[in-house]
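As a basis for the values below, the full set of heavy atoms in this structure was taken, side chains included, without hydrogen atoms, waters or symmetry mates.
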Amino acid sequence: MNAQEKGPTTADEAWDLLMQGNRRYVEGQAVHPRQGRQRRVDLLHYQNPFAAVLGCADARVPPEILFDQGIGDIFVVRTAGNIADPGSALGSLEFAVAKLGTPLLVVLGHQHCGAIMTAWEATTTGITAPGHLASIVAAIQPSFQKPHPVRSTDDLEQAIRNHIALQVMKLRRTGPILSQAVAAGRLKIVGACYHFETGAVELVDV
């Protein structure tokens with residue numbers, strides 16, 4: 001598939017392609033597609049990513065690898081704790097939708113998230129996180145209360161799923177670009193969680 005050939009045009013097709021790649025990754029049969037010299041040449045003046053991913057900056061969770069996709073396939077925005085902050089992260093996702101016509105946006109969290117743990121420690125100790133870490137903590141703290149209350153470190157995996165769900169809901173409501181695209185059926189926003197032990201990505205109910 002060269003840069004100007006049409007890939008998936010619907011969110012469901014895009015998700016299926018991501019899941020096909022993740023299954024290859026899980027089974028140790030990744031093919032690392034579209035990563036050679038010709039692909040670089042094809043993409044000199046054009047890009048047509050079939051999905052956008054808001055992922056965590058954690059070095060262990062690179063979306064292109066765990067979905068086994070190539071150069072130009074996924075428009076990736078990564079922040080600690082996969083937070084849709086109202087500045088460059090949100091603007092970047094809007095660019096993918098408004099300018100590139102990406103039909104699928106995935107909020108990708110993961111098990112054992114250090115940002116979630118940092119926010120939990122700050123919440124339970126009452127000690128303010130230093131520097132700009134405080135903004136990350138503040139963005140994550142609502143995840144300890146909803147959709148399901150989190151009361152101890154035993155519940156932190158639930159907090160991770162809460163946080164993914166809250167980011168998805170936030171993005172779906174954010175106007176005018178994202179909310180209008182969702183309402184018009186041009187965009188689907190879903191949440192997913194990556195499991196270190198298996199390598200699998202699963203949908204999170206939102």
Side-chain angles (χ1 to χ4, degrees), residues 18 22 25 49 51-67 74-98 102 104-175 177-179 189-206:
L18 291 179
N22 183 241
Y25 173 73
V53 174
L54 172 61
C56 183
D58 191 302
R60 302 166 293 177
V61 192
E64 294 91 343
I65 293 177
L66 59 92
F67 287 122
I74 310 175
F75 189 96
V76 179
V77 177
R78 298 178 69 179
T79 63
N82 41 277
I83 296 167
D85 73 67
S88 57
L90 186 51
S92 296
L93 296 171
E94 290 177 334
F95 179 87
V97 173
T102 305
L104 175 67
L105 197 169
V106 181
V107 177
L108 181 64
H110 63 92
Q111 288 183 311
H112 315 304
C113 181
I116 298 289
M117 178 61 76
T118 297
W120 177 254
E121 291 172 349
T123 300
T124 55
T125 65
I127 298 174
T128 302
H132 294 288
L133 282 174
S135 64
I136 294 174
V137 167
I140 292 173
Q141 282 175 325
S143 303
F144 302 136
Q145 302 301 322
K146 54 186 181 181
H148 305 287
V150 173
R151 298 182 176 88
S152 72
T153 53
D154 293 336
D155 298 330
L156 284 183
E157 293 302 309
Q158 182 60 56
I160 290 168
R161 303 175 79 83
N162 286 353
H163 182 61
I164 293 168
L166 289 175
Q167 297 306 297
V168 169
M169 290 186 285
K170 173 182 177 180
L171 290 170
R172 288 174 179 172
R173 294 192 301 262
T174 298
I177 294 172
L178 300 184
S179 61
I189 304 176
V190 301
C193 186
Y194 172 66
H195 295 265
F196 284 128
E197 291 85 354
T198 64
V201 174
E202 65 165 345
L203 279 172
V204 171
D205 291 335
V206 179

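- Using a 4.5 Å cut-off on side-chain heavy atoms (C-beta onward), Leu105 and Val168 make no contact.
- Thr102 places no side-chain N or O within donor-acceptor distance of the main-chain N or O of Leu104, the cut-off being under 3.5 Å.
- Nearest heavy atoms, Leu166 versus Lys146: CD1-O, 3.6 Å.
- Residues forming a side-chain hydrogen bond (donor to acceptor under 3.5 Å, both in side chains) with Ser135 (at least two apart in sequence, or on another chain): none.
- For Arg172, there are no side-chain hydrogen bond (donor to acceptor under 3.5 Å, both in side chains) partners, not counting sequence neighbours.
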What pairs of donor and acceptor atoms, side-chain ones from residues 77-97 against any protein atom, are under 3.5 angstrom apart with sequence neighbours left out?
from  : atom 1 : to    : atom 2 : distance (Å)
Arg78 : NE     : Cys56 : O      : 2.9
Arg78 : NH2    : Cys56 : O      : 3.2
Arg78 : NH2    : Asp58 : O      : 2.5
Arg78 : NH2    : Val61 : O      : 3.2
Thr79 : OG1    : Ile83 : N      : 2.8
Thr79 : OG1    : Ile83 : O      : 3.1
Asp85 : OD1    : Gly87 : N      : 2.8
Ser92 : OG     : Ser88 : O      : 2.7

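- In this structure, the side chains of Leu54 and Phe75 stay at 4.5 Å or more apart for every pair of heavy atoms.
- Residue pairs meeting the ring-ring contact (aromatic ring centres under 6.0 Å, His included) criterion with at least one member in residues 113-164, sequence neighbours excluded, are Trp120-Phe144.
- Shortest non-hydrogen contact noted between Ala119 and Val137 is CA-CG2, 3.9 Å.
- Scored by the side-chain hydrogen bond (donor to acceptor under 3.5 Å, both in side chains) test, Glu121 finds no partners at all (sequence neighbours excluded).
- Note that OG1 of Thr123 is 8.5 Å distant from CD of Gln145, once rounded to the nearest 0.5 Å.
- The two residues Ser143 and Asn162 make their nearest non-hydrogen contact at O-ND2, 2.9 Å.
- Contact annotation: the side chain of His110 never approaches that of Ile160 to less than 4.5 Å [non-hydrogen atoms, C-beta and beyond].
- When side chains are defined from C-beta on, Ser179 does not count as touching Thr174, because their heavy atoms never get closer than 4.5 Å.
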Would you mind writing out the side-chain donor-acceptor pairs for residues 190-201 within the sub-3.5 Å range, not counting sequence neighbours?
from   : atom 1 : to     : atom 2 : distance (Å)
Tyr194 : OH     : Tyr25  : OH     : 3.1
His195 : ND1    : Gln111 : NE2    : 3.1
His195 : NE2    : Glu202 : OE2    : 2.9
Glu197 : OE2    : His112 : NE2    : 3.2
Thr198 : OG1    : Ala200 : N      : 3.1

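- Nearest heavy atoms, Ala115 versus Ile140: O-CD1, 3.6 Å.
- Distance alone, capped at 3.5 Å, places no donor-acceptor pair between the Asn22 side chain and the Leu18 backbone.
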